[in-house]
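This chain uses plain numbering: 1 for the first residue, then up along the sequence. Quantities reported herein were computed from a predicted structural model and do not represent experimental measurements. Each ligand, and each atom within it, is numbered from 1 in the order the structure gives.
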Amino acid sequence: MQQGQFITFEGIDGSGKSTQARLLAGALERAGHDVVLTREPGGSVGAEDIRKLLVEGDPGRWSPETELLLFNAARRDHLERTIEPALSAGKIVISDRFADSTRVYQGATRGDLRGLVDKLHALIIGREPDLTLIIDTDPDMALQRGLARGSGEDRFEDFGIDFQHKLRAGFQALAKDFPQRCRVIDGNTGAQDVGAAVEKIVLDHLA
Ligand code: TYD
C-alpha cells in the first residue's frame, strides 16, 4: 500500500492552529480521505501521560534539557503507536505540532539547544512531515486567546509576551530553513479565511 501523507500545523500559543487542524481534518474527510487527527505533546496513551508533566505546573519546573528529553520520549511513543501505523496504512495524518515546535521552543528560545535538538531528532525520531503549515499570528492577539481558554495548560503561556515574540520569529526563521515543506499562513484574519488558505495549499500539495 502507498504511504500516507504527514501534515503538521505549527505556530505560537493561541495562534489558532488547533482550530485549523480540526477544520482541515473535516474538509479532507468530507472529500473522502482517511484522516487521523492527532496532537503533540500527546497523541498516544503514553505520550498523553507525559504531556501532563510538560504543560502543567510551574514554568521553571524543568530545565530546558530535561524538557527536551520528555518531548522526545512523548514523540517517540506517538510516532511508534499512532503516526507510523497510520502512514503505513495509507492515511493522512494531521498533527497539531511536531518536531518543529521542539526546534523553536527548546532549540531557539529556552536556551540555545538547537544542536542537541537536531542530534536527538536524528537519533530518536528521524522523520519530517511532508507538509508543514505555520499559522503566523500576532503574539498579543494569540496570548489573549490562549489565556482566555483557561485550560490549566498554561505553563508555556506563563513565560510571557516577549517569549511569544521570540517564538514567532523562530517559526518564521524555520520556514526559511525548510522551504520545501513549510508554508507560512497569515493567522490574523478570521478562522474561515485562514481555513480557506490552508485548504488550498493542502489540496495543491495532495494533487
Ligand atoms: P499545545 O497543546 O499545542 O498548546 P496550544 O494549543 O496552546 O498551542 O502545546 C502545549 C505547549 O507545549 C505549547 O505551549 C508548546 C509547547 N511545546 C514545546 O515547547 N515543545 C514541543 O516540542 C511541543 C510539541 C510543544
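- Counted by atom type alone, Gln5 and His33 present zero donor-acceptor pairs between their side chains at under 3.5 Å.
- Residues Phe9 and Phe98 keep their aromatic ring centres 6.0 Å or farther apart.
- No hydrogens or angles considered: nothing links the side chains of Thr82 and Ser44 as a donor-acceptor pair under 3.5 Å.
- Below 4.0 Å from some heavy atom of Thr102 lie the following atoms of ligand 1, by number and element: 21 (C), 22 (O).
- With atom 21 (C) of ligand 1 as the reference point, the heavy atom nearest to it among Phe98, Phe71, Phe9 is part of Phe71.
- Here is the list of ligand 1 atoms found below 4.0 Å of a heavy atom in Val55: 10 (C), 11 (C).
- Contact between Arg51 and ligand 1 is present, with at least one heavy atom of the residue lying under 4.0 Å from the ligand.
- When each atom of ligand 1 is checked for a heavy atom of Arg75 under 4.0 Å away, the hits are 22 (O), 24 (C).
- Set against the non-hydrogen atoms of Ser18, the atoms of ligand 1 under 4.0 Å away are 6 (O).
- Between Asp13 and Tyr105, the side chains place a donor N or O and an acceptor N or O closer than 3.5 Å (distance only, hydrogens not considered).
- Within ligand 1, counting atoms from 1 as listed, the ones closer than 4.0 Å to a heavy atom of Gln106 are 18 (C), 19 (O), 20 (N), 21 (C), 22 (O).
- Close approach of ligand 1 to Lys17 (heavy-atom distance below 4.0 Å) involves ligand atoms 3 (O), 5 (P), 6 (O), 8 (O).
- At a cut-off of 3.5 Å, with distance as the only test, no side-chain donor of Asn188 or Thr137 sits close to an acceptor on the other residue.
- If you check each of Arg97, Glu10, Arg103, His78 against atom 3 (O) of ligand 1, the one with the closest non-hydrogen atom is Arg97.
- Not close to ligand 1: Glu67, with no non-hydrogen atom less than 4.0 angstrom away.
- Salt bridge present: Glu128 and Arg103 bring a charged side-chain N and a carboxylate O closer than 4.0 Å.
- Remark: the Glu10 side chain and the Ser101 side chain contain an N/O donor-acceptor pair separated by less than 3.5 Å.
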